[in-house]
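Notes follow the structure.
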Amino acid sequence: MRNLVAGYGGKVAVDNISFSVAAGEHLSLLGPSGCGKSTTLRCIAGLETPFEGEIAIGGNVVFSSKDRINLPPEKRNLAMVFQSYAIWPHMSVFENVAYGLRIKGPRGEQLNEQVYRALEMVGMREFADRQATDLSGGQQQRVALARSYAVRPQAMLLDEPLSNLDARLRTRMRDELKELQQQTNLSTIYVTHDQEEAMAISDRIIVMREGSIEQIGAPIDIYDRPRNRFVADFIGAANVLAAEVLGTDGSGATRLRVGAAEILSGVQVEGVSARPGSAQAIIVRTVYPQIQRQPFGDARNAWTATVTRRVLLGDLVAYDIRWPGGDLRLNAFPSVLLEEGAQVYLHIPPERVVLVES
Ligand code: ADP
């Protein structure tokens, strides 16, 4: 996709975005509701006509504003699965999967084989003769997936496919989808607003905001090296603190002043100025600071601190602490519980302190 601009009426919903998907890759478009994810996907499918830009699939240009190319959806060899299952209620499960396939050619034994194989993939073979409306939501979505796999598309487009399922089923289907994607090696573009789903299922994630791309990267890159406050807040939980650049230390880390503390940052987002005197910000994920009763020896980035608040969350304990840099929120395991008011030692490894633009 190159320089895609799209929207409705005269209003721009997707503002000049470019990205590519590798063969066999699972790419997710992630962002809050209304940021342009579905519009982007629908432009790829051919269900919306972009204002500008170019889209090519497997080397074939399917849309180009410059060359006036705009292939209809059925000529793009893609399959799309929506949040609403969009199965045909008056047909059996078998017929739901066979319908789209017949249009493409196969008949008789070949058709049967392709339908059963697709149903097998999603664990629905024994339901072939059932009426589609007699199925649960999860089963209906499996049928919709089988229908997509059956036509052997060049790529799969999925728009919030699990959003109508309850939490437990959603987690299970998410893991199954990932396995299917790996088995079939089908290039997949997946729209979701659920950060955990995107993290769990994707090879790469595109974080979108208000029609633009904020960051593209592998899940762990986006988690550990968020480009800005928006990305840090949208994925996981993070402290964002104002910081003034002091200089660099011998190891190449950036020395910063945060409140009354001096802190080293070992991770710097591309393009952010580390010029001494510049006002920037640091991002510290709540899972990375450590607190304990004993000093951290000669560790860098260690201070004394006070526990101001403790909340037991079950698998994790949330602490608010006061340190020379101000206030900090962190999560720890409940193996050691520190009480409110306790004097503790705090350590933030420099490689967990991300310097970003303020
Ligand atoms: P997302 O998928 O990230 O929730 P969408 O791509 O659906 O976002 O929407 C992007 C923007 O375009 C939003 O402001 C939305 O209100 C608007 N929009 C989406 N579909 C239509 C439509 N059919 N007509 C007019 N505006 C639309």
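Read the numbers this way: they start at 1 and go in the same order the structure lists the ligands and their atoms. Residues: numbered from 1 along the sequence shown.
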Who pairs with Arg204 by salt bridge (Lys or Arg N to Asp or Glu O under 4.0 Å), at least two apart in sequence or on another chain? Glu25

Not counting sequence neighbours, list each pair that qualifies as a salt bridge (charged side-chain N to carboxylate O under 4.0 Å, His left out) and has a residue in residues 309-336. Arg309-Asp320, Asp320-Arg329, Arg322-Asp327

Does any pair with a residue in residues 236-246 pass salt bridge (charged side-chain N to carboxylate O under 4.0 Å, His left out), and if so which ones, sequence neighbours excluded? none

Heavy-atom cut-off of under 4.0 Å around ligand 1: list whichever protein residues fall inside it, by chain and number. Tyr8, Ala13, Pro32, Ser33, Gly34, Cys35, Gly36, Lys37, Ser38, Thr39

Minimum side-chain heavy-atom gap Glu262-Leu246 below 4.5 Å: yes

Have a look at Tyr288 and tell me which of Asn239, Asp224, Asn331 forms a side chain to side chain donor-acceptor pair (under 3.5 Å) with it. Asp224

Member of Glu196, Glu179, Glu160 meeting the salt bridge (charged side-chain N to carboxylate O under 4.0 Å, His left out) criterion with Arg174: Glu196

